[in-house]
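These notes concern the structure reproduced below.
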Amino acid sequence: MSRIPLTSIEQQPEPVRQWMARRGNLNVFRLLANAPHVFPGWTQMVDELFDSPTFSRRMREVVILRVAHLQNSRYELGQHIAIARGGLTDQQISAIVETEDFDAAGFSPTECTALDVTTELCTTHRLRDDTFAAAQAVFGDEALTELLMIISCYYGLALVLNAVDLDVDAQARFRPRGGAQ
Amino acid sequence: MTRIAYREPEAMTQQARELTNARGNLNVYRALGNAEKVFTGWMVAGNAALTSPVLPVRLRELVVLRTAYLMDSPYELGQHRDVARTAGVGSDEISAILSESDWKEGSFNPTERTVLQLATELLTTSSVEAETFDSVHTALGSEATVELLMVISRYAGLALMLNALDVDLDESARLPIPPRREPS
């Protein structure tokens, strides 16, 4: 049961209502909208992360699911397992959030590199030289930094969600393709 | 030594360049500026957090320092020691926050102490005891509690990026604290 009351969508200013209509009328947004001085800036950040063509939707979901699992975020898992089913097999999802047997699940080498970076960073808070070098060789500076932005966003968000003990939405799902354009 | 080349402000879009320059053109921004498709949104979100009138700057900086310490981020510690001093945090208080438990005994008021307790639980266990959460929520109200959690969220995530890229602390440049917006 959420430890902070959720705002009502009807009482949001028009731009926030429109944003939620695009991205989903989710509990997480109704929670964060309690902080109207910072919520609109946060939504712009989320839009850029999901509208960017740098990574495939599948790659983003691989990373987000891994962060959600390592941060033990019931809410992120609840949302993103459902979203990931559109592009990942059950075996792949279970490898990310349960068995960790990435080799048997048929991930691409690039996905495996992203999973290695995510796991090491979330569990040790840093990257060894060889892990960093391998990731830089695969992704280059721009995509590697953007990968870190995705990890950073979901690692931090998990803390908010866990602290508040936010309930997973019964039906509503986040829309990764809910960009304005 | 920073593991990637810096993106200089001249090579950024106008909005990203303006935000970077307004925040002191720090190494952190020139490193993250490499992610040019998402950097502007990240900067806009940060600006909103830094200019919001909701959390007292002193309380915010206590939490940033505690987060930097628990996430083991030398860069955040290097920058925010000085920001915290400017926000009225004493040297003894900074030492207490940057220790395992001295902050429980220090000169902090009850609200500050319960906020530090929440940050500590959250960053070491990924969750918060109901009692701790309730005391923060009662002291701050819903809006400031959500902002507080967003501050922890942002600086915890940023610590991962800074550590991953091993960003060097700026020699002398420090984050200028922008004026706060008027309460709405």
Side-chain angles (χ1 to χ4, degrees), chain A residues 3-5 7 31-49 51-54 70-73 117 120-122 124-127 129 132-133 135-136 140-165, chain B residues 3-5 7 31-49 51-54 71-73 118 121-123 125-128 130 133-134 136-137 141-147 149-161 163-166 181 183-184:
Chain A
R3 292 164 165 175
I4 289 186
T7 59
L31 167 71
L32 298 180
N34 275 292
H37 287 279
V38 298
F39 182 60
W42 187 86
T43 65
Q44 181 172 340
M45 181 179 78
V46 169
D47 273 345
E48 290 188 8
L49 283 175
D51 294 346
S52 167
T54 303
L70 294 169
Q71 285 289 76
N72 209 8
S73 171
V117 166
E120 191 172 315
L121 190 54
C122 290
T124 72
H125 299 176
R126 45 181 43 77
L127 293 179
D129 286 339
F132 184 87
Q136 192 174 29
D141 286 354
E142 180 184 351
L144 175 55
T145 308
E146 190 169 326
L147 175 69
L148 296 176
M149 284 279 196
I150 297 171
I151 296 171
S152 170
C153 177
Y154 277 84
Y155 183 95
L157 181 60
L159 297 175
V160 179
L161 299 167
N162 289 359
V164 174
D165 199 13
Chain B
R3 285 164 157 172
I4 55 173
R7 179 74 58 102
L32 298 180
N34 277 285
E36 62 180 21
K37 296 187 182 66
V38 302
F39 176 66
T40 306
W42 185 84
M43 287 296 272
V44 166
N47 224 47
T51 58
S52 169
V54 173
M71 295 297 295
D72 201 9
S73 169
L118 180 145
E121 284 180 27
L122 187 53
L123 291 164
T125 71
S126 301
S127 63
V128 178
F133 192 91
D134 288 345
V136 169
H137 192 205
S142 293
E143 179 177 10
T145 300
V146 171
E147 275 208 22
L149 294 171
M150 297 278 268
V151 169
I152 297 172
S153 166
R154 183 171 179 89
Y155 281 88
L158 175 57
L160 295 183
M161 297 196 281
N163 286 354
L165 299 175
D166 202 10
R181 286 169 285 159
S184 53

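Quick caveat: nothing in here was measured; it's all calculated off a predicted structure. Lettering follows sequence order; numbering is per chain, from 1. Values below: every heavy atom of this structure, side chains too, minus hydrogens, waters and symmetry copies.
For A:Ile150, no part lies under 4.5 angstrom from a heavy atom of chain B. Residue contact with chain A, scored on non-hydrogen atoms closer than 4.5 Å, is absent for B:Ser73. Heavy atoms of A:Val164 lying under 4.5 Å from chain B belong to its backbone as well as its side chain. Of the atoms belonging to B:Ala144, not a single heavy atom falls under 4.5 Å from chain A. With a threshold of 4.5 angstrom between heavy atoms, A:Glu120 does not approach chain B through any atom at all. Only the backbone of B:Leu158 comes within contact range of chain A, judged by heavy atoms closer than 4.5 Å.
The two residues B:Met150 and A:Val160 make their nearest non-hydrogen contact at N-CG2, 4.4 Å. Across all their heavy atoms, B:Ala45 and A:Gly41 have their closest contact at CB-O, 3.6 Å. Across A:Glu146 and B:Ala35, no two heavy atoms sit closer than the pair N-CB, 3.7 Å. Taking each heavy atom of A:Ile4 and B:Ser142 in turn, the nearest pair found is CG2-OG, 3.8 Å.
The side-chain contact (heavy atoms from CB on, under 4.5 Å) search around B:Glu36 returns A:Glu142, B:Arg7, not counting sequence neighbours. Checked against side-chain contact (heavy atoms from CB on, under 4.5 Å), A:Asn72 has no partners two or more places apart in sequence or in another chain.
The NE2 atom of A:His37 sits 9.0 Å away from atom OG1 of B:Thr51, with the distance rounded to the nearest 0.5 Å. Here B:Ile4 contributes atom CD1 and A:Leu148 contributes atom CG; the two are 8.0 Å apart, rounded to the nearest 0.5 Å. Considering CG of B:Leu122 and CG of A:Asn162, their distance stands at 7.0 Å, rounded to 0.5 Å. Note that CG of A:Leu31 and CG of B:Leu149 are 8.0 Å apart. Values are rounded to the nearest 0.5 Å. Considering CG of A:Leu49 and CH2 of B:Trp42, their distance stands at 12.0 Å, rounded to 0.5 Å. Interatomic distance, CZ of B:Phe39 versus CE of A:Met149, reported as 6.5 Å (0.5 Å rounding).
With chain B as the partner, the residue from A:Leu144, A:Thr145, A:Leu147 showing the most heavy-atom pairs under 4.5 Å is A:Thr145. By number of non-hydrogen pairs under 4.5 angstrom with chain B, the leading residue of A:Pro5, A:Ala158, A:Ser152 is A:Ser152. When each of A:Leu157, A:Leu161, A:Leu32, A:Asp165 is checked for heavy-atom pairs under 4.5 Å with chain B, A:Leu32 comes out on top. Heavy-atom pairs under 4.5 Å with chain A peak, among B:Val146, B:Val128, B:Val38, B:Asn163, at B:Val38. Note: A:His125 leads A:Gln136, A:Gln44, A:His125, A:Gln71 in heavy-atom pairs under 4.5 Å with chain B.
At a threshold of 4.0 Å, the pair B:Arg3-A:Asp129 counts as salt-bridged, since one of the basic side-chain nitrogens sits closer than that to a carboxylate oxygen.
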